[in-house]
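Everything numeric here is computed off the predicted structure, so don't read it as measured data. Letters A, B, ... mirror the listed sequences (proteins, then strands); counts begin at 1.
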There are 2 protein chains.
Amino acid sequence: MNEHVHTTSELTKNQALVMGALSQSDSPLSAYTILDHLRDDGFRAPLQVYRALDKLVEFGLVHRLESLNAFVACRHPGCDAHQAIAFMICETCGQVNEISDTSLAERLKQLASKAGFALKKSTVELRGICSNCQAA
Amino acid sequence: MNEHVHTTSELTKNQALVMGALSQSDSPLSAYTILDHLRDDGFRAPLQVYRALDKLVEFGLVHRLESLNAFVACRHPGCDAHQAIAFMICETCGQVNEISDTSLAERLKQLASKAGFALKKSTVELRGICSNCQAA
DNA sequence: GCAATCGTGTTATGAGATAACGTGACAAAC
DNA sequence: GTTTGTCACGTTATCTCATAACACGATTGC
Ligand SMILES: [Zn+2]
Ligand SMILES: [Zn+2]
Ligand SMILES: [Zn+2]
Ligand SMILES: [Zn+2]
């Protein structure tokens, strides 16, 4: 197995617990919400959650939503297109849709390069109402 | 004068003070940093800053940077292209470059529309190293 | 006058994140 | 086999960011 690809089986106990909490949820969770979910599993302090989250984000298994101060499990496991992610966040139901778009990523690269800016990470978060909630 | 366009002259005292603090700074400021800058002007509590910031953001004079939990004065005063903003944030010097790009905005609208998503607000924040800091 | 609205001031509290310390497990180096 | 380094883990305290709740005064429209 590729040493750079992290799967659930390679996670530590705490990382696996946090990953499980995020995977079961259909919307983003804050670190403190995760902590509450894991009290019965022995979690006592925020740092236990944050340390696991740091690693999970590093592994590409979890994304941080800056505009929500919350975290979601990646919906594209094993996908390497993670340079080009955008999130559509429904302000009604809270659900998040993760999309990967090459042309968007290209445009961001162009803009950065035109400004001589060495791009490391892109944050694209769209707020609005999802199709389900519009219909309702 | 157009009633929907807010200029500095229409601001309340607190709003003007906060706007002044942000305008003088060449990098984003947190609400609490602004508070510290304005203690001599009578500011005592965070809420005074946050209330002014809420209005300034509403007027389009100030932008909130989600990935920094900080605020910057808009560099395009009077410009109405504020549907399409992206920020390039230098992780070395902290300076922020605000850019407005139509083709980026179009692509975001396309993506949303394709998903039946009613787009309200876009957050695009690019992290990296600015050209000045690369040269140094 | 009187109600409605808005900006303001103050205190307390909630929510998000990290610093600083120490422990135990494990593997490489000697 | 002991030393050294690294890493995950646990705990406490602290820091930063943001809002709730309440009260006061000025302005406007009736
Ligand atoms: Zn992903
Ligand atoms: Zn929805
Ligand atoms: Zn602007
Ligand atoms: Zn720089």
Can you tell me how far [atom2] of [N] sits from [atom1] of [X], to the nearest Å?
| X | N | atom1 | atom2 | answer |
| --- | --- | --- | --- | --- |
| B/L53 | D/dT19 | CG | C1' | 14 Å |
| A/L65 | C/dG16 | CG | C1' | 15 Å |
| B/N69 | C/dA15 | CG | P | 16 Å |
| A/D54 | D/dC7 | CG | C1' | 14 Å |
| B/L17 | C/dG9 | CG | C1' | 15 Å |
| B/Y50 | C/dG9 | OH | C1' | 17 Å |
| B/F59 | C/dG7 | CZ | C1' | 11 Å |
| A/K55 | D/dC9 | NZ | C1' | 13 Å |

Query raised in the report: Under 4.0 Å between a Lys/Arg side-chain N and an Asp/Glu carboxylate O for A/E66 and A/R64?
Result: yes
Requested in this report: Please state whether the phosphate of C/dG7, meaning OP1 or OP2, lies under 4.0 angstrom from any side-chain nitrogen or oxygen of B/K13.
Outcome: no
Requested in this report: Output yes when at least one side-chain N/O atom of A/R64 is less than 4.0 Å from OP1 or OP2 of C/dA17, else no.
Outcome: yes
Requested in this report: For DNA chain C, determine which residues of residues 28-49 of chain B have any heavy atom closer than 4.0 angstrom to one of its atoms, and list them numerically.
Outcome: B/R44, B/A45, B/L47, B/Q48
Query raised in the report: Knowing that exactly one of B/L126, B/L111, B/L108, B/T123 qualifies, which makes a side chain to side chain contact (heavy atoms under 4.5 Å, CB included) with A/V124?
Result: B/L108
Query - A/H63 vs A/V57 side-chain heavy atoms within contact, under 4.5 Å - result: no
